[in-house]
Amino acid sequence: MKIRPLADRVVIQMLEAEEKTKSGIILTGTAKEQPQIAEVVEVGPGGVVDGKEIKMEVEKGNKVLFSKYAGTEVKVEGEEYIILRQSDILAVVE
């Protein structure tokens, strides 16, 4: 099954949290800081949303920083994804 977002929506998948600190301390599951960085899996076509023309500025494969409580979490075939609007993406990480 493939997720195809509509309008200005983007499907992202969270990146794994660091298991080790810079000084070499190994973190347990609860101590890991959950980064708000994810990889773009699919991008909607854009178009007219709420009367405004929306041009999609992110592409499949981009790493992005997004708002903490943005989007809707979904699980498809055992994989977890977040579907959110492009406006909830704060920056592209290069």
Item to complete: For the pair Q86 and M56, evaluate side-chain contact (heavy atoms from CB on, under 4.5 Å) and give the outcome as yes or no after the intermediate values.
Response: CA-CA 7 Å; Q86 178 176 254; M56 299 307 284; 3.8 Å; yes
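I3 is not listed as a side-chain neighbour of V41, based on a closest heavy-atom distance of 4.5 Å or more. Between D88 and F66, every side-chain heavy-atom pair lies at or beyond the 4.5 Å cut-off.
Pairing each heavy atom of P5 with each of V43, the nearest pair is CG-C, 3.6 Å.
Rounding to the nearest 0.5 angstrom, the gap separating the CD1 atom in I89 from the CD1 atom in I12 is 6.5 Å.
Residues passing the side-chain hydrogen bond (donor to acceptor under 3.5 Å, both in side chains) test with E39: none are found, sequence neighbours excluded. In this structure K63 satisfies the side-chain hydrogen bond (donor to acceptor under 3.5 Å, both in side chains) test with no other residue, sequence neighbours excluded. In this structure Q13 satisfies the side-chain hydrogen bond (donor to acceptor under 3.5 Å, both in side chains) test together with E79, sequence neighbours excluded. Evaluation of the side chain to side chain contact (heavy atoms under 4.5 Å, CB included) rule for L90 yields S67 as partners, not counting sequence neighbours. In terms of the side-chain hydrogen bond (donor to acceptor under 3.5 Å, both in side chains) criterion, residue partners of R85 (sequence neighbours excluded) are, by chain and number, D8.
Within the structure, side chain to side chain donor-acceptor pair (under 3.5 Å) pairs that include any residue of residues 45-60 comprise E42-K60 (at least two apart or interchain).
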